[in-house]
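Report on the structure given below.
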Amino acid sequence: MSRIASSARIHPLAVVDDGAVIGENVSIGPFCTVGPEVVLKDDVQLVSHAVVNGKTEIGRGSKIHPMAVIGGVSQSLHEAGADSTLTIGENCTMREGVTINTGTVGGGGKTVVGNNCLLLANSHVAHDCILGSGIIMSNNVMLAGHVKVGDHAILGGGCAVHQFGRIGRNAFIGGLSAVNYDVIPYGMLNGNPGILAGLNVVGMTRAGIERATIHRVRRAFKQIFEGEGNIRTNAAAIRDEYADCPEVMEILNFIAADSDRALSSPFRGKA
């Protein structure tokens, strides 16, 4: 049996399968489909013609526009139909034609989207992606499987991110860019293949980072990517110098972390 709050508004032309959990003040418009394992938290809105399937939980206040398919089965060739989940946080907006897939057993079994994310028309989040909060994905952005995106990253229209790629917090990806390799926090990447063009200074300023700190991060960026050694050696060499600067340390820790992808750089595209 479904658990449907008394204040929920469900259009008579919508289909809500038995077993779904529908919170207070949820609005489900005409021609929407809600699967039997779906949980819609309070104040969620499905405008019309939206599909929510799978073992999917949609956080409070999120809004799904027409033709979006949320919680679809993974497109991975290794998908075996095993139990997997999709969790979307609060106050997220999924515009027309957005697709977000559940996870796979081999990838940990879960896809996660944080709070306050904006996914514009026809953007795609594949299986086992982990997205932070405050992310903006412009029209037609494509995330392959297992991608990780940090808080407040902005991805320009039509960019594509390679599977297992990482995009750091407050990074900016230019429109139509090919993100073949990891992008450091606060990095700005453009082109095909994507080249690290410097720091997302505008984003850092909007995030409230002080000018003096931005100058220190710029200096560290030059030491890392223009130093005599390779990137990881250069990064390790300046750790003590910037131990009191959380923003630089975040970049250094990102570089030092294990990854399936190389690092984007200003020169060769990767390092």
Side-chain angles (χ1 to χ4, degrees), residues 35-41 50-59 62 64 68-90 92-95 97-120 122-138 140-155 158-169 171 173 177-185 187 189 194 253-254 257-264 270:
E37 296 183 287
V38 170
V39 176
L40 303 181
K41 295 296 187 70
V51 176
V52 186
N53 277 330
K55 196 169 185 179
T56 296
E57 180 178 301
I58 309 293
S62 290
I64 303 174
V69 180
I70 310 300
V73 174
S74 161
Q75 299 176 82
S76 169
L77 296 176
H78 304 292
E79 173 61 46
D83 190 32
S84 59
T85 65
L86 166 63
T87 303
I88 294 175
E90 298 181 353
C92 290
T93 298
M94 289 141 276
R95 292 301 303 253
V98 166
T99 53
I100 308 177
N101 296 155
T102 56
T104 61
V105 173
K110 62 182 181 181
T111 302
V112 178
V113 178
N115 301 322
N116 304 303
C117 291
L118 174 59
L119 281 65
L120 297 184
N122 300 307
S123 54
H124 174 66
V125 178
H127 59 90
D128 305 298
C129 287
I130 306 295
L131 277 60
S133 295
I135 292 165
I136 298 175
M137 291 174 51
S138 299
N140 302 303
V141 168
M142 298 168 285
L143 303 185
H146 313 277
V147 166
K148 295 181 180 179
V149 183
D151 295 346
H152 305 291
I154 297 177
L155 285 70
C159 75
V161 184
H162 195 285
Q163 64 187 19
F164 293 99
R166 296 182 300 152
I167 296 175
R169 184 164 68 97
I173 309 300
S177 295
V179 188
N180 296 317
Y181 308 110
D182 292 348
V183 181
I184 60 169
L189 182 135
N253 290 336
F254 184 94
D258 291 335
S259 177
D260 291 291
R261 306 298 298 159
L263 285 163
S264 297
K270 69 172 183 177

With heavy-atom distances below 4.5 Å as the criterion, would you say the side chains of [X] and [Y] are in contact?
X      : Y      : answer
Val52  : Ile64  : yes
Ile88  : Ile100 : yes
Val73  : Asn53  : no
Ile173 : Ile154 : no
Leu118 : Ile135 : no
Ile70  : Met94  : yes
Leu119 : Val141 : no
Leu86  : Asn101 : no

> Would Leu155 and Val149 count as a side chain to side chain contact (heavy atoms under 4.5 Å, CB included) if you check the C-alpha gap in whole Å, the side-chain angles of each, and the deciding distance to 0.1 Å?
Replying inline: CA-CA 10 Å; Leu155 285 70; Val149 183; 4.2 Å; yes
Looking only at non-hydrogen atoms, find the nearest pair between [X] and [Y] and report the distance.
X      : Y      : result
Gly168 : Ala153 : O-CB, 4.0 Å
Ser76  : His127 : CB-NE2, 3.6 Å
Thr93  : Arg95  : CG2-CD, 3.8 Å
Ser62  : Cys92  : OG-N, 2.9 Å
Cys117 : Gly132 : SG-O, 3.2 Å
Leu263 : Phe254 : CD2-CE2, 4.1 Å

Applying side-chain hydrogen bond (donor to acceptor under 3.5 Å, both in side chains), name anything that partners [X], two or more places apart in sequence or on another chain.
X      : result
Thr104 : Asp128
His124 : Gln75, Thr99
Asn253 : Arg239
Ser123 : none

[X]: partners by salt bridge (charged side-chain N to carboxylate O under 4.0 Å, His left out), with sequence neighbours left out:
X     : value
Glu90 : none
Lys55 : Asp83
Lys41 : Glu57

> Should Val161 and Ile167 be marked as a side chain to side chain contact (heavy atoms under 4.5 Å, CB included) after you check the CA-CA gap, both sets of side-chain angles, and the distance that decides it?
Replying inline: CA-CA 9 Å; Val161 184; Ile167 296 175; 3.9 Å; yes
>> Using side chain to side chain contact (heavy atoms under 4.5 Å, CB included), reason through Met137 and Val125 one step at a time and then give a plain yes or no.
In response: CA-CA 10 Å; Met137 291 174 51; Val125 178; 3.9 Å; yes
> How many angstroms lie between atom OG1 of Thr111 and atom CD1 of Ile130, to the nearest 0.5 angstrom?
Replying inline: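 Result: 6.5 Å between the selected atoms.
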>> To the closest 0.5 Å, what do you measure between OG (Ser264) and CG (Leu189)?
In response: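 Here the interatomic distance stands at 5.0 Å.
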>> Checking Asn116 now: which residues fulfil side chain to side chain contact (heavy atoms under 4.5 Å, CB included) with it, not counting sequence neighbours?
In response: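 Partners of Asn116 under the side chain to side chain contact (heavy atoms under 4.5 Å, CB included) test: Asn91.
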> Listed by chain and number, what are the side chain to side chain contact (heavy atoms under 4.5 Å, CB included) partners of Arg261, not counting sequence neighbours?
Replying inline: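 Only His162, Phe164, Asn180, Tyr181, Asp182, Ser259 meet the side chain to side chain contact (heavy atoms under 4.5 Å, CB included) criterion with Arg261.
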>> Donor-acceptor check, side chain of Thr102 to backbone of Thr85, threshold 3.5 angstrom: yes or no?
In response: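 Judged by distance alone, no pair lies under 3.5 Å.
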> Checking Ser84 side chain against Gly109 main chain: does a donor-acceptor pair fall under 3.5 Å?
Replying inline: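 Not confirmed, Ser84 side chain does not pair with Gly109 backbone.
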